[in-house]
Amino acid sequence: MNGETAQALALVANGNAVLAGDRAARSALSLEREPFRVISLTFVRAGVPVATRPLGWIDHLRGRGVRRLALVHLATRTAWLPEHEPVAGAGGNGVMIAADVRPWPELWAAAWRVDVAAVERRADRVWNVVYHAAAPPVPPRADEPAAARWELEHAHDALRGALEAVVRLEGESTWTTGFFAPALALLAAREVLVPARGLDLLPARGYGAAARRLLAGATLASSVFGGMGSWNAAHAGEDDGAWAAVGDRLVAATDRAVRAAVNAFGVDA
């Protein structure tokens, strides 16, 4: 899970908890905690900054009547979203936050800009992040628990099927024993009994076992992707298309699972 997705996930998960009155979740939105350790963080609507801290943004949304946030994904930026300068490939992964502002929901899209000087001096904070609000022409809904429950179940089935397809193709290997089989075990567990990657982004309350095991399984499975030395890089030279097909299926399933898990706040599953 990259920093952009992790930050949006933490904003949605803990933002929902704060909006529901969970004061303990407020500490998770501190600028001193990952994934918020950036040079600057600004939330902008119609060209005007409305907050420079996650909690200030949540308070701003509460004042506008927001009751729920959701993680959404759009394949490409479109004309109704603010234009951002592409810097280091950041801010364009399609992950956005939907807020159930009335009468129509709105989307918040992030632009990540790297500070070259900070990188050169090896500072621990190198990013300037700006979230811009926009109203989509066909707004996604962020306030439908029934839909969230349905998506949670179907995302679970999709991820399990994708992992099983990978295991069939991969066979016995360190990738299977180290990642794919454990991810399947997490999906099948009644509850997550040990600390698992990704779960530190969720608040202590508000998420059931189904959402937590789905996020844990998706985070573990998605960790095989990346650059040199990753699972997809190891099979990049395969010429029959099978590896690419199962890899693409797993990417889509893990992305869907992460969104379904974080959007299941308040779903008793």
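Fair warning: this is a prediction, and the values are worked out from it, not measured in the lab.
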Check: [Y] main-chain N/O paired with [X] side-chain donor or acceptor under 3.5 Å:
X      : Y      : result
Arg68  : Phe265 : yes
Ser27  : Ala24  : yes
Arg213 : Ala189 : yes
Asn16  : Leu69  : yes

Restricting to non-hydrogen atoms, name the atom on [X] and the atom on [Y] that form the minimum distance, rounded to 0.1 Å.
X      : Y      : answer
Val167 : Leu184 : CG2-CD1, 4.1 Å
Tyr131 : Ala110 : CE2-CB, 3.5 Å
Pro54  : Leu11  : CB-CD2, 3.8 Å
Ala253 : Ala158 : CB-O, 3.8 Å
Ser173 : Glu170 : OG-OE2, 2.8 Å
Ala264 : Tyr207 : C-CE2, 3.9 Å

Got more than 12 heavy atoms from elsewhere within 6.0 Å of CZ, Arg125?
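More than 12 heavy atoms, drawn from other residues, nucleotides or ligands, come within 6.0 Å of this atom.
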What's the spacing between [X] [atom1] and [Y] [atom2] if we round to 0.5 Å?
X      : Y      : atom1 : atom2 : result
Leu186 : Leu214 : CG    : CG    : 10.5 Å
Asn2   : Gln7   : CG    : CD    : 10.5 Å
Arg37  : Arg33  : CZ    : CZ    : 11.5 Å
Ser222 : Leu159 : OG    : CG    : 9.5 Å
Leu187 : Leu163 : CG    : CG    : 6.0 Å
Leu29  : Arg53  : CG    : CZ    : 11.5 Å

Are Leu31 and Leu201 co-members of a hydrophobic cluster defined by side-chain heavy atoms under 4.5 Å apart?
yes
Is there a path from Phe225 to Phe179 through hydrophobic residues (I, L, V, M, F, W, Y) whose side chains come within less than 4.5 Å of each other?
yes
Non-neighbouring partners of Glu172 that pass side-chain contact (heavy atoms from CB on, under 4.5 Å), sequence neighbours left out
Thr177
Can you pull the ring-ring contact (aromatic ring centres under 6.0 Å, His included) pairs that have at least one residue in residues 48-72, sequence neighbours excluded?
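Residue pairs passing ring-ring contact (aromatic ring centres under 6.0 Å, His included), neighbours aside: Phe43-Trp57, Trp57-Trp108.
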Is the shortest side-chain N to carboxylate O distance from Arg160 to Glu153 below 4.0 Å?
no
So that I can tick it off, tell me whether Asp100 and Arg67 are bridged by a salt bridge, with the cut-off set at under 4.0 angstrom between side-chain N and carboxylate O.
yes
Scan residues 247-267 for pairs that pass side chain to side chain donor-acceptor pair (under 3.5 Å), counting only residues two or more places apart or in two chains.
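The answer is Glu151-Arg256.
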Going by side-chain contact (heavy atoms from CB on, under 4.5 Å), Leu202 matches just one of Leu9, Asn14, Val12. Which one?
Leu9
